[in-house]
Amino acid sequence: MQIIKNTDELIKIRRNLKQNIGFVPTMGALHLGHLSLIQRSVAENELTIVSIFVNPTQFLEGEDFSKYPQTLEKDLQICKMAQVDIVFLPNTKSIYFKDELKIKAPPNRGFILEGLKRPAHFDGVLQVVLKLLNITTPTRAYFGKKDAQQFYLISKMARELFLDVEIVGCEIVRDDEGLALSSRNIYLSTDERKKALLISKSLKKSSDLVINGELETQLIKSKMKEILTDVEIEYVEIVDREFRLLKNLEIHNSIILIAVRVGKTRLIDNIWI
Ligand code: PAF
């Protein structure tokens, strides 16, 4: 496994590679969710590149950028074990320029839900993902569906900027009790973890309601909120796969999304129906 820190060096190496490339961008603190993306990339491509870069431009003032979990040694072991070919470890200076041009998330889709709670977050995500895709020019790039709106906006960017890459969405990985894996779960105390389990419980409630024929989104959302008692709800919404709010849930075209705060930790989760 090669570890490359220099952007120009990776661009040079990449130019000489003729194989199919799978790319998994991450911010490190790898867990089984990341591993599932990496394993899928390794299975579907001749070579896999993983990037580890805590991207400053997607964090808002007051968010956890400076204390974002860093577990580099362990991350490298996971990559090696998973047979990753190249780990890209850039620093901020080698990714960003002074007074550089900016990508803007589309107002109607980028500034609702996550984008409303974290304005300009998606500008930063799209900016860095576009750079990373241009540096690695992969055949396929892998993203988790837990960040559903991120996955949607990156797919939209790839389509609308005619990027020559297949954007692949991977299923959410949960622990034994149903909590969606996230690098931020390590912030949770035992008591907060218990409260966080209400998130998947309320998503399960929503899918049970749908299985029993309930499609009215207001009703589904209010039943979910009844379960989310011990957490601070930021939003519970039901959208179609183009992130338009729905009055009536559409089977095979809907996503039920939750964002909550448990103590100081912000958690998101969703279910695709
Ligand atoms: O999902 C993430 O970890 C980040 O948003 C990403 C896609 C690596 C961009 O920094």
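Order of appearance sets the numbers: ligands from 1, and atoms from 1 within every ligand.
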Heavy atoms of other groups near Lys5 NZ, more than 12 under 6.0 Å
no

From the list Glu216, Glu237, Glu226, Glu214, salt bridge (charged side-chain N to carboxylate O under 4.0 Å, His left out) partner of Lys221 resolves to Glu237

Tell me the protein heavy atom at minimum distance from atom 2 (C) of ligand 1, and give that distance in Å.
Gln150 NE2, 3.9 Å

Answer side chain, backbone, both or neither: which part of Thr26 comes under 4.0 Å from ligand 1, heavy atoms only.
backbone

Which residue holds the protein heavy atom closest to atom 10 (O) of ligand 1, what is that atom called, and what is the gap in Å?
Gln58 OE1, 2.6 Å

In Å, rounded to the nearest 0.5 Å, how long is the span from CG of Asp175 to OG of Ser200?
8.0 Å

What residue and atom, counting heavy atoms only, is the protein's closest point to atom 3 (O) of ligand 1, and at what distance?
Met27 CG, 3.7 Å

Would Glu114 and Tyr235 count as having a side-chain donor-acceptor pair, cut-off 3.5 Å?
yes

Taking 4.0 angstrom as the limit and counting only heavy atoms of Val128, give me the atoms of ligand 1 inside it, by number and element.
9 (C), 10 (O)

Under the salt bridge (Lys or Arg N to Asp or Glu O under 4.0 Å) rule, what do Arg184 and Asp64 come out as? Steps first, then yes or no, please.
CA-CA 10 Å; Arg184 291 186 168 105; Asp64 56 348; 2.8 Å; yes

